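Reviewing the structure listed below.
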Protein chains: 2
Amino acid sequence: MPKLGMEPIRREALVKATIAEIGQAGSLDVTVAQIARRAGMSSALAHHYFGGKDQIFLAAMRHTLSLYGAEVRGALVMAHGPKARVEAIIRAGFTHSNFRREVVAAWLNFYVLAQSDDQARRLLAVYQRRLHSNLVYNLRPLVGARSAEVAVRIAGLIDGLYLREALSKEVPSGDDATRQVLTALAHEITQADREPLV
Amino acid sequence: MPKLGMEPIRREALVKATIAEIGQAGSLDVTVAQIARRAGMSSALAHHYFGGKDQIFLAAMRHTLSLYGAEVRGALVMAHGPKARVEAIIRAGFTHSNFRREVVAAWLNFYVLAQSDDQARRLLAVYQRRLHSNLVYNLRPLVGARSAEVAVRIAGLIDGLYLREALSKEVPSGDDATRQVLTALAHEITQADREPLV
DNA sequence: GTTTTTGTTGATTGACGAGTCAATTAAAAA
DNA sequence: TTTTTAATTGACTCGTCAATCAACAAAAAC
């Protein structure tokens, strides 16, 4: 039955199945056979297309990351003005879709992987730098020269609240977290207004 | 050679070895044999005292957690006045010792485990609640009724900055992170001074 | 119509690892 | 002194899993 051009289809199916399996297990403790079965093929085929388990994981991570990136970009095109843009970035991180089991699991295990796997760490750095420069750029009109510093706090707060929300409740509320970050942002802006020359 | 009363000694050695192995691997992907060898005993003995791998991990997590708790408590007794106490809590999270390889690995894998293991999740909740109420209590004189809300932001910022610092650089700087959180705290206090009645 | 290329899998290998158990040692209790 | 109890391990079982490979199927190229 070899229909041609199966490779991209198989790869995508495997990536999705990988994310689903990781989400179900909560860890990277999933076998190639499980992934392949969910993707509707033999484990040998998974090895054939990806070469090894690590490659499959990396591809899954890249996919999760790019979904997040797309979400941020999508939110940004609909936002006009610096404040709306910063708010869009914040909101994008706490979307319902970002709190799905699989996505949380992907992120947490991504962090774990980043300790030992250089490729994972680099991927993470890319995402963080993009988010950071996005924030810095749009914060400048709001908080002036302190922009870079403020961006660190906002980004850190996003990550920290995401982590807490994802782990503490069964049904995470992105709205609570969003409100918290927006409040912090408001403080930063107020602060800037008090020291307009700094 | 059965000297009596070996159990607590063996347990402690196993817990320490577990943390060290997790730190070296960066993940929970360590074998009981590895742990036991590092602790200077056979793997059978590890099973004898702990019953299984999961129990060993849980004990290691509890140990890491209690070390952190002790650090916070130690910092608190030397701090007088609400502001100094809040600052002490913040500083305690970014100590050099908290950025050691093994400790970072323990925390990250703890988060991963908390998704699927109920005991781990409960342990994490305990730590978070303690930190939260500590913050709320000491923040009240500083920010009044907003205390609870502010505590969420401070705690979130601590976690987020810790995560970023631990993963982005090879040599994490607790000082940078501490400064960032203290600045955020200053903003919150300023904000409180502007709305003294709320 | 033959050959090459792409897709596909069952079967197998080789390694590893968690947990068990019977057996050994020596201290302590009786 | 005999017996119980704690400490300890080597050897073994049973299962799992990543990775490989030979072989087969069908479309495309020649």
Side-chain angles (χ1 to χ4, degrees), chain A residues 1-61 105 109 112-113 116-120, chain B residues 1-61 105 109 112-113 116-120:
Chain A
M1 310 134 182
K3 307 143 194 171
L4 273 260
M6 286 269 79
E7 176 154 1
I9 296 169
R10 294 303 199 186
R11 290 186 96 98
E12 193 189 327
L14 282 169
V15 163
K16 285 189 176 167
T18 302
I19 293 171
E21 285 293 327
I22 291 176
Q24 189 173 329
S27 70
L28 300 185
D29 221 352
V30 294
T31 71
V32 175
Q34 280 170 2
I35 294 170
R37 185 166 359 108
R38 187 186 283 255
M41 70 193 81
S42 74
S43 68
L45 199 52
H47 276 100
H48 174 65
Y49 281 128
F50 275 96
K53 213 182 170 184
D54 303 351
Q55 308 298 316
I56 303 183
F57 282 156
L58 256 285
M61 295 303 178
N109 284 289
V112 167
L113 206 58
S116 54
D117 186 312
D118 242 37
Q119 265 191 280
Chain B
M1 311 131 184
K3 309 145 195 170
L4 274 262
M6 285 270 71
E7 176 155 0
I9 296 168
R10 294 304 198 185
R11 288 186 99 99
E12 193 190 326
L14 282 168
V15 163
K16 285 189 177 167
T18 303
I19 293 170
E21 283 294 326
I22 291 176
Q24 189 173 328
S27 70
L28 300 185
D29 223 350
V30 292
T31 72
V32 175
Q34 279 170 3
I35 294 170
R37 184 161 2 106
R38 186 185 285 254
M41 70 195 80
S42 75
S43 68
L45 199 51
H47 278 101
H48 175 64
Y49 281 128
F50 276 97
K53 213 180 169 183
D54 304 351
Q55 308 299 316
I56 302 182
F57 282 156
L58 256 285
M61 295 303 178
N109 284 289
V112 166
L113 206 58
S116 55
D117 186 311
D118 242 37
Q119 266 192 281

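The structure presented is a predicted model; accordingly, all values stated were derived computationally and were not measured. The chains referred to below are lettered A, B, ... by the order of the sequence lines, with proteins before strands, and numbering in each begins at 1.
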- Task: Give, for atom OG1 of B/T31 and atom NZ of B/K53, the distance between the pair rounded to the nearest 0.5 Å.
- Result: 7.0 Å

- Straight-line distance of B/S27 OG to A/D29 CG, nearest 0.5 Å: 9.5 Å

- Item | Test item: B/M6 and B/M41 side chains (from C-beta on) under 4.5 Å apart, heavy atoms | no

- Would you say D/dT8 has OP1 or OP2 under 4.0 Å from some side-chain N or O of B/R10? yes

- Restricting to pairs with a member in residues 39-51 of chain A, which pass side-chain hydrogen bond (donor to acceptor under 3.5 Å, both in side chains), not counting sequence neighbours? none

- Task: Could you tell me the separation between the CG atom of B/D54 and the C1' atom of C/dG19, rounded to a whole number of Å?
- Result: 12 Å

- the helix from C/dG1-D/dC30 to C/dA30-D/dT1: angle between end helix axes, five pairs per end, rounded to 10 degrees: 10°

- Other residues, nucleotides, ligands: >12 heavy atoms within 6.0 Å of A/E7 CD: yes

- Here the distance between atom C1' of C/dG7 and atom CD of A/E7, to the nearest Å, is 10 Å

- Least distance between heavy atoms, B/L28 atom then B/F57 atom: O-CZ, 3.5 Å

- Message: What is the distance, to the nearest angstrom, from the CG atom on A/L4 to the C1' atom on C/dG7?
- Response: 9 Å

- Query: So what does B/G52 touch, heavy atoms closer than 4.0 Å: a base, only the sugar-phosphate, or nothing?
  - Reply: sugar-phosphate

- Message: For a quick test of reading the model, state the closest non-hydrogen atom pair linking B/I35 to B/T18 and the distance between them.
- Response: CG2-OG1, 3.4 Å

- Query: Does any residue of residues 22-50 of chain B have a heavy atom under 4.0 Å from DNA chain D, and if so, which ones, in number order?
  - Reply: B/M41, B/S42, B/A44, B/L45, B/H48, B/Y49

- Message: Using side-chain heavy atoms (C-beta onward) and a distance below 4.5 Å, is B/Q34 in contact with B/R38?
- Response: no

- Task: Let me know the distance between NZ of A/K53 and P of D/dA19, rounded to the nearest Å.
- Result: 8 Å

